[in-house]
Amino acid sequence: MRSRADQISTTSYVQGESPRLDLRTGELVWVDIQAGRVHCGRLDGGVLTATRAYDIGGPVGVAVPCAEPGTGWALAVKDGFARLAEDGTVTRLVTGLTSGQDQMNDGACHPDGSFWAGSQAIPRAPRAGLFRLDPDGSVRRVLAGLTVANGIDFTPDGRTMFFVDTLPHRRLEAIDVSSGARRTVVQVDGGNPDGLALDDEGCVWVAVWDASQVRRYAPTGELLATVELPVPRPTAVCFQGSTLVITTASLGLTDPPAGSGHLFAVDVGVTGPPARGWCDGVKG
């Protein structure tokens, strides 16, 4: 199956990334990584209306909702984890996970309330990792020796994590959460796999940077569907009902096509869940 996504935003972002549906408010939340901003908006009738934005003061890879209403969001920021309150206050939770030009990247919450996020090495080298921030504020490294850790999502039972190892391997993996055993679901060709989301049928939607596509893979690796975009650099996806929301980047394009850096959407005929929350227990 092939379909085509339509532009829904009126604003272009340098590196739009990591969209999430915040079930507490019904808003979409996404980031502009290099601009260091967290954005919120509402999608209705095919139009995304921006509602608010927050300056973080440095790169931000992802914002996930905290579990309780009014408690803000947990962030993967340049060198660790932070919390963003609704009044814009940023509180550092964990620092020192990266150094130099390296920075934290995409992430997601496990059903147990922990927040998992990876890092990327700049310049590229196998020194990045995947980290887990638990509800009690403790953090541990789950994977080491990565170069660019990217999209993450979990099966509803929490037993399996789907994970994108972007560079140099360009592969979608399934990882057993309890044992750490890794298997390659599919080697992605034609571009770099980036952000991902699981749908309610257990299939994986992967944004493919420089391929102008989002691809739906079965857990066995079979390609089931492709969404085409008019721009080359889709970065990540999320669901609002059966609508697949797609962020894109204009980063690094010398002559970006119209629409680069905008958000897109398409009805894919299958639903997906909203973002899980980080159970920090902190009232905002």
Side-chain angles (χ1 to χ4, degrees), residues 16-24 27-31 33 38 40 60-67 71-77 80-84 93-94 97 103-120 128-135 139-143 146 148-166 172-178 180 182 185 193-200 202-207 214 216-217 219 234-240 244-247 271-280:
E17 259 281 10
S18 306
R20 301 289 183 268
L21 176 62
D22 190 334
L23 187 61
R24 304 170 305 173
E27 290 180 309
L28 289 168
V29 181
W30 65 98
V31 304
I33 292 181
V38 175
C40 303
V60 53
V62 62
V64 297
C66 295
T71 57
W73 303 268
L75 311 177
V77 294
F81 292 100
R83 179 173 169 270
L84 171 64
L93 301 174
V94 177
L97 300 184
Q103 61 190 50
M104 297 292 287
N105 202 30
D106 204 354
C109 289
H110 187 275
D112 68 5
S114 57
F115 177 22
W116 299 48
S119 62
Q120 58 173 316
L130 177 66
F131 304 90
R132 169 179 174 156
L133 178 67
D134 282 316
V139 66
R140 64 183 177 90
R141 186 189 297 264
V142 179
L143 294 176
L146 305 173
V148 178
N150 229 314
I152 300 171
D153 204 355
F154 298 90
T155 54
D157 61 11
R159 294 179 180 177
T160 302
M161 177 178 68
F162 286 91
F163 168 70
V164 165
D165 185 350
T166 298
L172 170 65
E173 297 183 352
I175 300 178
D176 184 278
V177 171
S178 61
R182 301 166 67 175
V185 176
D194 203 328
L196 65 80
L198 268 66
D199 63 33
D200 289 327
C203 296
V204 190
W205 296 80
V206 182
V214 176
R216 185 193 192 209
Y217 292 103
T235 57
V237 294
C238 75
F239 282 92
Q240 181 173 304
L244 187 71
V245 177
I246 307 162
T247 48
T271 59
R276 297 184 184 94
W278 181 55
C279 299
D280 68 339

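Keep in mind the model is a prediction, meaning the values are calculated, not measured.
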Next on the checklist: My understanding is that only residues two or more places apart in sequence, or in another chain, count here; which of them pass side chain to side chain contact (heavy atoms under 4.5 Å, CB included) with A236?
Outcome noted: E17, P19, T247
Checklist entry - Can you list the residues that meet the side chain to side chain contact (heavy atoms under 4.5 Å, CB included) rule with A67, with sequence neighbours excluded? => result C279
Checklist entry - Which residues satisfy the side chain to side chain contact (heavy atoms under 4.5 Å, CB included) test with R141, sequence neighbours excluded? => result F131, A144
Item to check | Those residues that, when tested against D194, pass salt bridge (Lys or Arg N to Asp or Glu O under 4.0 Å) (two or more places apart) | outcome: none
Item to check | Which residues share a salt bridge (Lys or Arg N to Asp or Glu O under 4.0 Å) with D176, sequence neighbours left out | outcome: none
Item to check | Test salt bridge (Lys or Arg N to Asp or Glu O under 4.0 Å) applied to E173 - qualifying residues, sequence neighbours left out | outcome: R171, R182
Next on the checklist: The criterion is side-chain hydrogen bond (donor to acceptor under 3.5 Å, both in side chains); which residues satisfy it with Q240, sequence neighbours excluded?
Outcome noted: none
Next on the checklist: Between R20 and D106 (salt bridge meaning N to carboxylate O under 4.0 Å), is one present in this structure?
Outcome noted: yes
Item to check | Of L198, V245, T271, L244, the residue whose pairing with F239 passes side-chain contact (heavy atoms from CB on, under 4.5 Å) | outcome: L244
Next on the checklist: Checking W30 now: which residues fulfil side-chain hydrogen bond (donor to acceptor under 3.5 Å, both in side chains) with it, not counting sequence neighbours?
Outcome noted: none
Checklist entry - Who pairs with F163 by ring pair (Phe, Tyr, Trp, His ring centres under 6.0 Å), at least two apart in sequence or on another chain? => result none
Checklist entry - Which residues satisfy the ring pair (Phe, Tyr, Trp, His ring centres under 6.0 Å) test with F162, sequence neighbours excluded? => result none
Item to check | Under 3.5 Å donor-acceptor, R276 side chain and D153 backbone | outcome: no
Checklist entry - Excluding sequence neighbours, so at least two apart, what forms side-chain hydrogen bond (donor to acceptor under 3.5 Å, both in side chains) with S114? => result D112, W116
Next on the checklist: Tell me every residue that passes salt bridge (Lys or Arg N to Asp or Glu O under 4.0 Å) with D200, counting only those two or more places apart in sequence or in another chain.
Outcome noted: none
